[in-house]
Amino acid sequence: METEDIKKETTETFNQVKNTIKNANLKNDTKEAKGFFISFFQNPLEEIKKATNSTDNKFIKISIIIFVIWLATILISNALSTAITYLFGTFGSFPYFFNHLFHNIFNLFKDLVAPIIIVLVLSGLVYGFKQVKNRSFLTIASSILIAKIPVVTATILNLFTIFSTHFSKITIAFSGFCNILSTILLFFVIKDLSEEDKNDSYFWKFALIMGIFYIVKFVFSYLGIYL
């Protein structure tokens with residue numbers, strides 16, 4: 001993709017997100033989101049197909065809600081964990097907390113930036129591999145966020161481990177299960193976005209996209225950012 005195309009797509013994506021947020025109606029959007037989540041858990045593949053082929057802002061609004069919940073959960077989890085360790089733990093105190101303040105803020109930044117990188121990298125790969133650019137970057141990103149619903153659910157459940165380590169065995173197993181579900185959903189999301197009819201050729205395209213993503217994931221792990 002040429003630089004001008006990237007600039008144009010970035011501008012259009014930014015303006016679309018800005019207009020979606022500007023025209024948001026909390027009551028109606030909450031009602032739509034509630035209906036979507038009920039439908040999603042009943043028939044996720046049908047909702048994914050609707051999202052990948054949508055031309056309105058409904059699924060963009062829903063994906064923004066999912067993204068906000070994801071980041072808010074990470075923020076709450078990090079804040080509670082830090083408070084328990086550095087303020088209320090065995091060696092906790094305000095001096096101990098402030099001595100490690102920069103370290104904790106940096107760790108929070110890395111935790112919050114990870115979901116952003118995940119969505120941007122996967123969306124960029126899908127957009128880049130599409131031969132016909134008939135889907136906007138935002139539509140692709142929204143669909144990928146919808147596929148991440150199981151991961152967001154696992155992140156919410158992980159909050160319980162802050163209060164008791166006894167939950168860790170359950171949450172670790174559940175997180176692994178949710179990651180598998182999310183990968184399966186990604187398979188269908190990328191297939192719908194790629195508009196591939198042949199399963200044999202699409203499988204290797206999906207494998208290539210995920211392979212590149214895991215290389216990026218490996219590189220970022222050296223920076224302490226775990227995708």
Side-chain angles (χ1 to χ4, degrees), residues 1-17 20 40 44-45 47-55 57 59-60 62-64 66-68 70-71 74 110-155 175-176 178-227:
M1 199 188 325
E2 296 181 0
T3 305
E4 288 301 320
D5 292 332
I6 295 174
K7 288 181 179 179
K8 181 181 178 182
E9 188 66 34
T10 302
T11 302
E12 288 178 355
T13 300
F14 176 79
N15 289 334
Q16 198 170 354
V17 171
T20 300
F40 177 84
L45 298 186
E47 291 306 307
I48 280 173
K49 188 172 288 291
K50 289 179 184 178
T52 55
N53 291 285
S54 176
T55 56
N57 289 334
F59 291 100
I60 294 174
I62 290 169
S63 67
I64 290 173
I66 295 168
F67 198 50
V68 169
W70 196 0
L71 294 180
I74 292 171
K110 290 191 292 184
D111 288 344
L112 289 174
V113 80
I116 299 172
I117 295 172
I118 290 171
V119 175
L120 288 179
V121 171
L122 284 173
S123 302
L125 287 170
V126 174
Y127 190 84
F129 273 96
K130 275 185 67 64
Q131 295 180 347
V132 180
K133 311 299 183 186
N134 57 348
R135 296 285 190 281
S136 70
F137 185 87
L138 193 55
T139 298
I140 294 172
S142 299
S143 302
I144 287 172
L145 272 167
I146 289 171
K148 286 294 179 180
I149 287 177
V151 172
V152 177
T153 304
T155 305
S175 293
C178 287
N179 278 318
I180 292 171
L181 288 182
S182 183
T183 302
I184 294 171
L185 292 177
L186 273 175
F187 179 88
F188 289 101
V189 163
I190 297 174
K191 184 178 181 180
D192 288 342
L193 290 169
S194 302
E195 297 170 290
E196 291 279 354
D197 294 325
K198 296 181 180 179
N199 290 326
D200 52 349
S201 61
Y202 167 68
F203 174 81
W204 292 113
K205 179 182 285 188
F206 175 76
L208 179 59
I209 289 172
M210 295 306 295
I212 296 172
F213 171 74
Y214 272 88
I215 291 172
V216 173
K217 183 176 180 178
F218 176 75
V219 171
F220 272 101
S221 68
Y222 278 95
L223 300 175
I225 300 174
Y226 300 99
L227 306 182

Undergrad: Can you name the salt bridge (charged side-chain N to carboxylate O under 4.0 Å, His left out) partners of K217, sequence neighbours left out?
TA: none
Undergrad: Side chain of R135, backbone of Y127: donor and acceptor closer than 3.5 Å?
TA: no
Undergrad: Locate the shortest heavy-atom distance separating K148 from S182; write the atom from each residue and the value.
TA: CD-OG, 3.5 Å
Undergrad: Hey, could you give me the CD1/CD1 distance between I48 and I144, rounded to the nearest 0.5 Å?
TA: 11.0 Å
Undergrad: Give, for atom CD1 of I184 and atom CG of N179, the distance between the pair rounded to the nearest 0.5 Å.
TA: 11.0 Å
Undergrad: Could you report the tightest heavy-atom contact between V119 and F67, atom names first, then the distance?
TA: CG2-CE1, 4.4 Å
Undergrad: Quick check: does any side chain N or O of S194 sit under 3.5 Å from a backbone N or O of K191, one acting as donor and the other as acceptor?
TA: no
Undergrad: For the CG atom of L138 and the OG atom of S63, what is their distance to the nearest 0.5 Å?
TA: 6.5 Å
Undergrad: Sort out for me which residue in I149, I190, L45 forms a side chain to side chain contact (heavy atoms under 4.5 Å, CB included) with L185.
TA: L45
Undergrad: Would you give the length of the straight line joining atom CG of D111 to atom OH of Y226, rounded to the nearest 0.5 angstrom?
TA: 10.5 Å
Undergrad: Assign the ring pair F218 / Y222 to parallel, tilted or perpendicular, where the plane angle (0 to 90°) is split at 30° and 60°.
TA: perpendicular
Undergrad: Give a yes-or-no answer on whether the side chains of S142 and T139 include a donor-acceptor pair shorter than 3.5 Å.
TA: no
Undergrad: CG/L112 to CD1/I117 distance, rounded to the nearest 0.5 angstrom?
TA: 11.0 Å
Undergrad: CZ/F129 to CD1/I209 distance, rounded to the nearest 0.5 angstrom?
TA: 5.5 Å
Undergrad: What heavy-atom pair brings G124 and F137 nearest, and what distance separates the two atoms?
TA: N-CE1, 3.6 Å
Undergrad: Quick one: does any side-chain atom of K49 pair with a main-chain N or O of D192 as donor and acceptor, under 3.5 Å?
TA: no
Undergrad: State which residue, out of L71, I74, I66, L145, fulfils the side chain to side chain contact (heavy atoms under 4.5 Å, CB included) condition with V152.
TA: I66
Undergrad: Could you report the tightest heavy-atom contact between F206 and F187, atom names first, then the distance?
TA: CE1-CA, 3.5 Å
Undergrad: How close do M210 and L186 get, counting heavy atoms only, and between which atoms?
TA: CE-CD1, 4.3 Å
